[in-house]
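Positions are given from 1, in the same order as the sequence printed here.
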Amino acid sequence: MSGKPTAKAALRAAGLALLFFSAWLTYRCFDGRQMLHHLAKLVNRPIEMADAAFVYGLSFWLRAWAWKRYVGKPIAFSVYWRAVLLSLFVNHLAPVKIGDAVRIALLARQPGVSAGEAIESVAVMRLLDMAVLGGLTVMGAYAYMHHIPRIPLLAGAIAVGFVLIAVLFRRPLRIDRLWRRWRSVFHGWRGAAMAGAVAASWLCEAAVIGVIAKEVGIPLSFGQAVWANSATVSGQIAQIAPGGLGTYEAVMAFALTTVGAPWDVAYMAAVLTHAFKFLFSYAAGAAVLSFSRSDWQAVRGVWKKERERR
């Protein structure tokens, strides 16, 4: 087998394993009454949930800001902001991650931006995401599992990022040209600001886990919430269902048990957190599409191409 099919097969196998594990957790740990009880508690705390939604939305605002800084062209910030939110929306609808293709399509329509530049910018931002997540996951593994895996997760995450780029975009990226571009972009305060914004975005996303876990009886420290979020999102490279359904719950439940939560409570926190993210993604996507018909046409175009490819 060549490298690309082998990598895809390995990711699919990992995704299936996590899906079966999630099904087993559902069989062993799901309690409808308790779930409704905790859901009612969250609904009765509108201020806390609104704060969580704001901070979660801020995480995507920061990623859009970093992306705009990387592209460095006089394009309205709203273009990047809409593209990031629609990427989130599509990833929670499609069984495979095609949100990055939506980001590329929306940016490539802008004056002065070629398809190659759009692909490159999305690829670089994805690698930056993976690098930050890998670093946070390694630190969490050391802090809460008391060891670092034999294959460093940071290196593994970056390698997987390259594989994903090859799988998603199916065209070679000239590494020599990218290297020259990265040296110019990431040198100095501009690069530090971009990396800082991406890191801050993942810290903001972790706040959602902290709020919901607290309501179900898991008082997480901020560091523990960051670890749980980083490990969970890293696990979504094996997504085989819309929004990482199943894989998300399995990885987050495991991460929460490493900080002392019982399996049943950890599973409940994972389900409620994922439900929150699904609702946010649908609401954000609907809001963007309701104001922009052209964005809707771009999403439909990407979806159609993906269906034809499969």
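Atom CD of E215 and atom NZ of K41 lie 5.5 Å apart (nearest 0.5 Å). In this structure, CG in L136 is found 4.5 Å from CE in M139, a value given to the nearest 0.5 Å. Taking CG of N229 as the reference point, atom CD1 of I209 lies at 4.0 Å (rounded to 0.5 Å). Distance CG/L39 to CE/M268: 11.0 Å, rounded to 0.5 Å. Taken from NZ in K68 to CZ in F77, the straight-line distance is 8.5 Å, to the nearest 0.5 Å. Here CG of L62 is found 4.5 Å from CG of L58. Values are rounded to the nearest 0.5 Å.
Between L106 and R109, the closest heavy-atom pair is CD2-NH2, 3.2 Å. Closest non-hydrogen pair, S234 versus L133, comes out as OG-CB, 3.8 Å. Nearest heavy atoms, F89 versus S281: CD1-O, 3.5 Å. In this structure, F276 and A52 approach most closely via the heavy-atom pair CZ-C, 4.0 Å. Nearest heavy atoms, G99 versus N91: N-OD1, 2.9 Å. The shortest non-hydrogen separation linking R103 to V122 is CB-CG2, 4.0 Å.
Y282 places a side-chain N or O within donor-acceptor distance of the main-chain N or O of H92, the cut-off being under 3.5 Å. Not one N or O on the side chain of S292 forms a donor-acceptor pair closer than 3.5 Å with the backbone of L289.
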Note to self: Could you go through H274 and E249, starting from their C-alpha distance and side-chain angles, then the distance that decides it, and tell me whether this counts as side chain to side chain donor-acceptor pair (under 3.5 Å)?
What the structure shows: CA-CA 7 Å; H274 208 190; E249 287 78 6; 2.6 Å; yes
Checklist line | Full working for side chain to side chain donor-acceptor pair (under 3.5 Å) between S121 and W67 | finding: CA-CA 7 Å; S121 69; W67 185 20; 3.0 Å; yes
Item checked: Audit row: M125, V198, side chain to side chain contact (heavy atoms under 4.5 Å, CB included) steps and yes/no -> CA-CA 9 Å; M125 298 315 298; V198 171; 4.1 Å; yes
Next item on the list: Evaluate side chain to side chain donor-acceptor pair (under 3.5 Å) for S201 paired with W65, printing each intermediate quantity in order.
Entry: CA-CA 10 Å; S201 74; W65 183 88; over 6 Å; no
Notebook entry, point to check: Given the rule in the side chain to side chain contact (heavy atoms under 4.5 Å, CB included) test, do V208 and F280 qualify, once you have shown the distances and angles that lead to the verdict?
Noted result: CA-CA 11 Å; V208 176; F280 182 95; over 6 Å; no
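With sequence neighbours excluded, the residues forming a ring-ring contact (aromatic ring centres under 6.0 Å, His included) with F60 are Y56, listed by chain and number. Applying the salt bridge (Lys or Arg N to Asp or Glu O under 4.0 Å) test to E205 and every residue at least two apart in sequence or in another chain returns R63, K277.
Looking at heavy atoms from C-beta onward, H37 lies out of side-chain contact with R33 at the 4.5 angstrom threshold. Side-chain contact between Q110 and V113 is present, with heavy atoms from C-beta onward closer than 4.5 Å. The shortest distance between side-chain heavy atoms of L203 and F222 falls below 4.5 Å. By the 4.5 Å heavy-atom criterion applied to side chains, L107 and E117 are not counted as neighbours. Between L220 and V259, some side-chain heavy-atom pair lies under the 4.5 Å cut-off. In this structure the side chain of D264 never reaches within 4.5 angstrom of the side chain of D31, judged on heavy atoms.
The 12-atom threshold is exceeded at NZ of K73, counting heavy atoms of other residues, nucleotides or ligands nearer than 6.0 Å. When the shell of 6.0 Å around CG of L36 is examined, it contains more than 12 heavy atoms from other residues, nucleotides or ligands.
Side-chain polar atoms of W202 and S230 form no donor-acceptor pair below 3.5 angstrom. Y70 and E120 form a side-chain donor-acceptor contact under 3.5 Å, judged by distance and modelled atom types alone.
Evaluated for a side chain to side chain donor-acceptor pair (under 3.5 Å) with W227, the options T258, T232, T137 yield exactly one hit, T258. Checked options T257, V251, L256; the residue passing with F254 is T257 (criterion: side chain to side chain contact (heavy atoms under 4.5 Å, CB included)). Each of V84, L88, L86, V299 was compared with V288 under the side chain to side chain contact (heavy atoms under 4.5 Å, CB included) criterion, and only L86 meets it.
Following chains of ILVMFWY side-chain contacts shorter than 4.5 Å, one can reach L272 starting from W263, so the two form part of one hydrophobic cluster. Connection of L279 to L245 is not established within any shared hydrophobic cluster, with ILVMFWY side chains joined at heavy-atom distances below 4.5 Å, either directly or through further cluster members. Linking Ile, Leu, Val, Met, Phe, Trp and Tyr whenever their side-chain heavy atoms come within less than 4.5 Å puts L85 and F278 in one cluster. A single hydrophobic cluster is seen to contain both V211 and M35, as judged by linkage of ILVMFWY side chains at heavy-atom distances under 4.5 Å, directly or through other members. F291 is not connected to W61 by any chain of hydrophobic side-chain contacts under 4.5 Å among Ile, Leu, Val, Met, Phe, Trp and Tyr, and they are in different clusters.
For the pair D295 and R300, the salt-bridge criterion is not met [side-chain N within less than 4.0 Å of a carboxylate O].
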Only distances under 3.5 Å count here; give the side-chain donor-acceptor pairs of residues 13-29 to other protein atoms, sequence neighbours excluded, each with its distance to 0.1 Å.
from: S22; atom 1: OG; to: G246; atom 2: O; distance (Å): 3.3
from: T26; atom 1: OG1; to: S22; atom 2: O; distance (Å): 2.9
from: T26; atom 1: OG1; to: Y267; atom 2: OH; distance (Å): 2.8

